[in-house]
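One is the number of the first residue; the rest follow in order along the sequence. Fair warning: this is a prediction, and the values are worked out from it, not measured in the lab.
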Amino acid sequence: MADTTWPAEQLIADAQRGDVDSITALVEGSHPTVRRFARSLCATPEDAEDAAQEALIILYRKIGTLRASGALASWMFRIVRNECLRRARTMRPHAPLPDAAVSSAEEVVLERIEAGRVAAAVAALPADQRRVLIMRDIQGHSGRATAEALGLSTAAMKSRLHRARACVQQSLRATPRPTTGDAP
């Protein structure tokens, strides 16, 4: 099987019904495509490999919950994207919250929606810009470390970072932000 295609519909259907050999073949057949997608989305090769492995474990364990065999690609890409974003968020230094910080349920929901908007804007970036943005702004690496890790000059890294930030800002301005008075 070429690594640019997903496994056949019949193999996916057999795996959904619980056939262990089909599940194993499905995971093995999906691995190259899942790995390639993770490499295009995650900030580092190590995160990409970890995200791909996590996605394949989820595929193995939960293939029976997939509703339609044609939805496999989008399901796997969503899992990989979420795993890459989760890894990026866990690398970000967290500031301690003040003792008096108490959020209402509505504020928590709005914060999650906002985080989702930002995550979608970052995920939509071209891979070269996304890697720089994640390493600098989410993981907090220095400019020099980011440039070196990505094999770029400092000037090229700064240029990509500027373009990435501008694209994210433009995307966020183009997407309406929910307000507390919006109806569900």
statement: dist D128:CG -> L152:CG (nearest 0.5 Å) comes out at 8.5 Å
S171: side chain to side chain donor-acceptor pair (under 3.5 Å) partners, not counting sequence neighbours: none
field: Side-chain heavy-atom pair M157, L150 within 4.5 angstrom cut-off
entry: no
query: Quick one: does W75's side chain get under 4.5 Å of I63's, heavy atoms only?
result: yes
task: Kindly compute the distance separating CG (L11) from CG (D21), expressed to the nearest 0.5 Å.
output: 10.0 Å
query: Side chains of T146 and T154: closer than 4.5 Å at any heavy-atom pair?
result: no
statement: Minimal heavy-atom distance between R17 and Q10, with the atoms involved, is NH2-NE2, 3.4 Å
Heavy-atom side-chain contact between H31 and Q53 under 4.5 Å: yes
query: Which heavy-atom pair separates L56 from S30 by the least distance, and what is that distance?
result: CD2-CB, 4.2 Å
- line: Of all heavy-atom pairs linking Q129 and C167, the shortest is OE1-SG, 3.9 Å
message: Minimum heavy-atom separation for V20 and Y60, please, with both atom names.
response: CG1-OH, 4.3 Å
- prompt: Under the 3.5 angstrom rule, does the side chain of T65 hit a backbone N or O of K62 as a donor-acceptor pair?
  reply: yes
- request: Kindly compute the distance separating CZ (R163) from CG (L133), expressed to the nearest 0.5 Å.
  value: 12.5 Å
task: Look up atom CG in D19 and atom OG1 in T24, then write down how far apart they are to the nearest 0.5 Å.
output: 8.5 Å
query: Residues two or more places apart in sequence or in another chain: which of them pass side chain to side chain donor-acceptor pair (under 3.5 Å) with R39?
result: none
field: Side-chain donor or acceptor of R130 paired with backbone N/O of L125 under 3.5 Å
entry: yes
task: Give the minimum heavy-atom separation between R136 and G143, together with the two atoms involved.
output: NH1-N, 3.4 Å
field: Minimal non-hydrogen separation, L26 against A15, with atom names
entry: CD2-CB, 3.8 Å
task: Rounded to the nearest 0.5 Å, what's the gap from CD1 on I57 to CD on E83? Could you check?
output: 9.5 Å
field: Close side-chain approach of N82 and F77, heavy atoms under 4.5 Å
entry: no
field: M76 side, atom CE; F37 side, atom CZ - distance, nearest 0.5 Å
entry: 10.5 Å
Flag, side chain of S159 to backbone of A155, donor-acceptor distance under 3.5 Å: no
message: Looking at Q170, I'd like to know if its CD atom is crowded, meaning that more than 12 non-hydrogen atoms belonging to other residues, nucleotides or ligands lie closer than 6.0 Å.
response: no
